[in-house]
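All chains are named by letter (A, B, ...) in the order of the sequence lines, taking the proteins before the strands, and each is independently numbered beginning at 1.
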2 protein chains.
Amino acid sequence: MENLGVVKQLAMMGGLRNFVPLSSGELAKMLNISQQSASKKILGLIDDGIIERQFGAKKPLIKITKKGLGLLQKEYADYRRMFEALKKLSVKGVVISGMDEGRYYLTLKGYKEQLKRKLRFSPYEGTLNLKILPSEFSKLNVLKESPGINIDGFQDGGRTFGPGKCFFAKIKNVDCAVIIPNRSHYSDVVEVISKDYLREKLSLRNGDEVEVEIRL
Amino acid sequence: MENLGVVKQLAMMGGLRNFVPLSSGELAKMLNISQQSASKKILGLIDDGIIERQFGAKKPLIKITKKGLGLLQKEYADYRRMFEALKKLSVKGVVISGMDEGRYYLTLKGYKEQLKRKLRFSPYEGTLNLKILPSEFSKLNVLKESPGINIDGFQDGGRTFGPGKCFFAKIKNVDCAVIIPNRSHYSDVVEVISKDYLREKLSLRNGDEVEVEIRL
DNA sequence: ATTACTATAGCGCGAGTAG
DNA sequence: TCTACTCGCGCTATAGTAA
């Protein structure tokens, strides 16, 4: 039966805890259906063991059974998983050599102190460069579209250093952060920083495939 | 349209974030309906602006729109409220005099130390007695059926003191706990303890009506 | 492979009404 | 009042099929 919406309505009236006084006519008005249809839905749910009903009091009393509670919990769990998954993003990439660019940027006060303040850890002076697998490119768009933690650009000695954003992340359960420059051009490389030297801590070599769990 | 279940299915496949490859035939199998019906549902959802579709790739690509996301969020919020409400119980009662029974029990080591350990506060040596309003009696059954925090009985000087259970609670945002003895006979009085002298802290007198927010 | 049209089958809704 | 039956209409799902 496709009547989970009816059970949900009953639940929102408190039918999970108590017998709730409810006539078929009242339910009909709530669901914008006829009294007859509401009556049939109630009978169907009783038949399926999803609700129970008591007569005798002024109004019929309806309560959701354990089975009905189970259905609602399953539905709730589905929605929870759905929205929890939205907060995370898992991306696979291959470790590549970064030619010490990252290390240079992380020595700059403008980035270093900002990252320390916003991420609440002092980054190791060097980045782990991950070349994202082509099959995962669409996930990079998610990063571009998510706000993340903003990193301001700055000027230093006449040179301009651009803004970007970063995201808390984990690689093999080790805390780190992913940095995404606000470049206009596309890049399939993300840089990962951490308070530790990740290559050593995770025993990584160029060419190794790793999975980054990013918290959006 | 009553097709939220379809949108939910799409969402669980990742359609909230990306275009997901999905033919009407595949959707049909997932929902146990015919390919034709699935096709119509898809068209209907596109018409309502709930999903969008792109052709051109090998498979049709489907993504949930902002409007569709809104519908799912509303549904999720409904379920959240429903289950959050299940964790709390608000009961109204009238302050009555307790004849110092509660005070006596709270001087007993067997109760006092157990409560301190399990509630993580040292109860003031006295209880606030609340006579529950008759209209709220059904809520007392909820307390009887909920596990709560178990309080063991004990023996002291040849006398037996019975077991019970308690629940963390709040009265006017002041932390307290409700004690429910495991008596076989029915009682419409609940005893409330706190680290403070509640009558004074809340300026309560016999006959005052108060509302207790109980955490199940 | 697909999508999605048309025509039909069948189920669900609601009106009328009994108890 | 209430529930819930029958019955007829209509919507919707499905089969067949075209593109």
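Using a 4.0 Å heavy-atom distance criterion, S37(B) is classed as a base contact. Within 4.0 Å of I42(B), counting heavy atoms only, lies no atom of the nucleic acid at all.
Remark: P of dT2(C) and CG of L27(B) are 13 Å apart, rounded to the nearest angstrom. In this structure, K29(B) atom NZ and dA1(C) atom P are separated by 10 Å, rounded to whole Å. When rounded to the nearest whole Å, the span between CZ of F55(B) and P of dT2(C) equals 12 Å. Separating the CG atom of L22(B) from the P atom of dA1(C) is a distance of 17 Å, rounded to the nearest angstrom. Rounded to a whole Å, the CD atom of Q35(A) is 15 Å from the P atom of dA18(C). Rounded to an integer number of Å, the gap from N32(B) CG to dA13(D) C1' is 13 Å. Regarding K40(A), its NZ atom lies at a distance of 9 Å from the P atom of dC5(D), rounded to whole Å. One interatomic measurement links the two molecules: NZ of K41(A) to C1' of dA4(D), which rounds to 15 Å at whole-angstrom precision.
Checking the phosphate oxygens (OP1, OP2) of dT3(D), a side-chain nitrogen or oxygen of S24(A) falls inside 4.0 Å.
When distances run from any side-chain atom of P60(B) to the nucleotides dG14(C), dT3(D), dT3(C), the shortest one goes to dT3(C). Distance from the side chain of R53(A) is smallest to dT3(D) among dT3(C), dG14(C), dT3(D). For L43(B), taking side-chain heavy atoms from C-beta onward, the closest of the listed nucleotides dC5(C), dT14(D), dA4(D) is dC5(C).
Side chain of K144(B) to backbone of I180(B): no donor-acceptor contact under 3.5 angstrom is found.
Using the six-membered ring where Trp is involved, Y111(B) and F161(B) have ring planes that are perpendicular, over 60° apart on the 30 and 60° scheme.
Map Q36(A) and K58(A) each onto its nearest nucleotide of DNA chain D; the residue landing nearer the 5' end is K58(A).
Interatomic distance, CD of E26(A) versus CD1 of I62(A), reported as 9.5 Å (0.5 Å rounding).
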Exercise for the section: May I have the step-by-step check of salt bridge (Lys or Arg N to Asp or Glu O under 4.0 Å) for E136(B) and K139(B), ending in yes or no? Expected result: CA-CA 6 Å; E136(B) 309 266 285; K139(B) 293 184 178 174; 3.6 Å; yes
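Taking the charged nitrogens against the carboxylate oxygens, R81(B) and E84(B) have no contact shorter than 4.0 Å, which rules out a salt bridge.
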